[in-house]
Amino acid sequence: MSNEPDRYGLMGHPVGHSWSPFIHGMFARQSGASLSYKLYDVPADKFRAAALEFFTSGGRGLNVTVPHKRAAAELVNRMTGRAERAGAVNTIVMQSGNELLGDNTDGAGLIADLLTNLGFELADRSVLVLGAGGATRGIVAPLLQSGAASLVIANRTAERAVELASEFADLGVVSGCGFAQIDPEPVDLLINATSASLQGEVPPIPPEVIGPRTLCYDMAYGKGDTSFTLWASANGASLAQKGWGMLVEQAAESFNLWRGIRPDTKPVLEALLAL
Ligand code: ATR
């Protein structure tokens, strides 16, 4: 037995801007765990080798982010039901018997943020999700399983939305379309899961989807407003939220998988919201 701290980390490309070391550092202090959490900037063609090297050299657990979530699903020996359903893995843990288990905590993170931090009940609500990439893939099943009455996925490339929706048709009322086909009626929850705000853009959708009670949620986060939260507020949203809560809650789910303890997310979220 060594006295080295247990090793964890995040693999992605890029990862330089990540808040995960800060979050997991706070979780570790809370639980008195001795662990390290490092960032690994790994391009797509090096992911498999880098992840295997991490675990064969004693690493305990990894978070995986863009663009490796699908590749991580290929890499692991087993997947949890929710990772299987999403077809994407954001958390890997080395289990006894040298088996790698892949999980996806993104959806649970979003649901926890909506329910616990924002007090938003999904039962019988209408949901419009913008984007049909990896970020959307992780949240469709949890939204439907939490009772959403209807879910529309709208995407710049309409076919991607239609195809993604068809993968989840057994779980509820879900359909896909292009931005131009969005029904201009208020929804209860509007989620931006596109990467448009990274380019300072907002998807061209009818502002009528925002009603007086619509919760507008940008899965992107950062200091200040995003182009989506600015657009939502300018179009009458009473609550335009960024994805800090989802980030912290998915991290807590990952920590739980790794260490068997679900940390208290409140002080961590407060620290990030105060930035
Ligand atoms: P991620 O894993 O972050 O979801 P992705 O799989 O590349 O990344 O998906 C990015 C999503 O953002 C896609 O839905 C993309 O639309 P397309 O499928 O048409 O490419 C969407 N997106 C990116 N830039 C956008 C922009 N400027 N306006 C609208 N949608 C955009």
Side-chain angles (χ1 to χ4, degrees), residues 10-20 41-45 47 62-75 82-83 85-92 102-110 113 127-143 151-168 174-182 190-207 209-210 216-222 225-232 234-235 242-244 246-247 250-251 254:
L10 169 69
M11 265 182 205
H13 187 61
V15 288
H17 60 284
S18 171
W19 285 93
S20 293
D41 194 332
V42 176
D45 60 338
F47 169 72
L62 274 183
N63 281 136
V64 177
T65 189
V66 177
H68 306 313
K69 290 184 187 182
R70 305 270 285 177
E74 301 287 318
L75 174 88
R82 59 193 186 180
R85 187 82 226 198
V89 159
N90 79 332
T91 309
I92 307 176
D103 192 10
N104 190 316
T105 66
D106 288 332
L110 173 67
D113 191 32
V127 184
L128 172 59
V129 178
L130 310 177
T136 301
R137 179 168 280 285
I139 62 168
V140 175
L143 286 168
L151 195 157
V152 174
I153 304 171
N155 195 44
R156 183 172 61 183
T157 314
E159 307 85 73
R160 276 187 92 188
V162 172
E163 204 178 296
L164 191 61
S166 72
E167 275 186 47
F168 297 91
V174 53
S175 61
C177 65
F179 294 137
Q181 288 83 49
I182 294 173
L190 171 63
I191 299 177
N192 177 33
T194 71
S195 48
S197 52
L198 298 180
Q199 304 135 41
E201 290 174 10
V202 179
I205 63 164
V209 297
I210 299 178
C216 295
Y217 194 101
D218 195 345
M219 283 173 63
Y221 48 83
D225 290 304
T226 67
S227 46
F228 177 77
T229 58
L230 276 176
W231 173 86
N235 284 285
K242 289 182 296 178
W244 285 117
M246 177 178 175
L247 177 74
Q250 65 77 28
S254 297

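All heavy atoms count here, side chains included; hydrogens, waters and symmetry mates do not. Counting starts at 1 for both ligands and their atoms, following the listed order.
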(message) I need the atoms of ligand 1 closer than 4.0 Å to a non-hydrogen atom of E201, numbered in the order shown.
(response) 26 (C), 27 (N)
(request) Looking only at protein heavy atoms, identify the closest one to atom 20 (O) of ligand 1 and say how far it is in Å. (result) R156 NH2, 2.9 Å
(request) With heavy atoms only and a cut-off of under 4.0 Å, state how Q199 meets ligand 1: side chain, backbone, both or neither. (result) side chain
(request) Verify the neighbour count for atom CD of E163: are there more than 12 heavy atoms of other residues, nucleotides or ligands below 6.0 Å? (result) no
(request) For atom 21 (C) of ligand 1, grab the closest protein heavy atom and report residue, atom and distance to one decimal in Å. (result) T194 CB, 3.7 Å
(request) Evaluate the 4.0 Å heavy atom contact test for atom 24 (N) of ligand 1: does a protein atom fall under the cut-off? (result) yes
(request) Note the single closest protein heavy atom to atom 28 (N) of ligand 1, along with its residue, its atom name and the distance in Å. (result) A196 CB, 3.6 Å
(message) With side-chain contact (heavy atoms from CB on, under 4.5 Å) as the test, pick out the partner of I191 among L143, L130, L151, T136.
(response) L143
(request) Under the side chain to side chain contact (heavy atoms under 4.5 Å, CB included) rule, what do V89 and N104 come out as? Steps first, then yes or no, please. (result) CA-CA 5 Å; V89 159; N104 190 316; 5.9 Å; no
(message) Please list the nearest protein heavy atom to atom 5 (P) of ligand 1 with its residue and the distance rounded to 0.1 Å.
(response) G133 CA, 4.0 Å
(message) I'd like to check whether G131 has a polar contact with ligand 1, where a contact means an N/O of the residue lying under 3.5 Å from an N/O of the ligand.
(response) no
(message) Starting from atom 12 (O) of ligand 1, what is the nearest protein heavy atom, named by residue and atom, and what distance separates them?
(response) S195 N, 3.1 Å
(message) Please report whether ligand 1 has a polar contact with A132, defined as an N or O pair separated by less than 3.5 Å (distance criterion only).
(response) yes
(message) Side chain, backbone, both or neither: which applies to R160 and ligand 1 if a contact is any heavy-atom pair less than 4.0 Å apart?
(response) side chain
(request) Taking the side chain as every heavy atom from C-beta outward, state whether I139 and M219 have any pair of such atoms under 4.5 Å apart. (result) yes
(request) Considering only non-hydrogen protein atoms, determine which one is nearest to atom 2 (O) of ligand 1 and report residue, atom name and distance to 0.1 Å. (result) G134 N, 3.2 Å
(request) Could you list the atoms of ligand 1 found under 4.0 angstrom from a heavy atom of A135? (result) 1 (P), 2 (O), 4 (O)
(request) Enter the distance from S18:OG to L10:CG here, rounded to the nearest 0.5 Å. (result) 5.0 Å
(request) Look at the aromatic rings of W244 and Y221 and report parallel, tilted or perpendicular, splitting at 30° and 60°. (result) tilted
(message) Quick check for you: to the nearest 0.5 Å, what is the distance between E201 atom CD and S195 atom OG?
(response) 9.5 Å
(request) To the nearest 0.5 Å, tell me how far K69 NZ sits from E74 CD. (result) 16.0 Å
(message) Working to the nearest 0.5 angstrom, can you tell me the gap between I210 CD1 and N235 CG?
(response) 5.0 Å
(request) Select the closest option to atom 16 (O) of ligand 1 among I153, T157, N155, L198, judged by heavy-atom distance. (result) N155
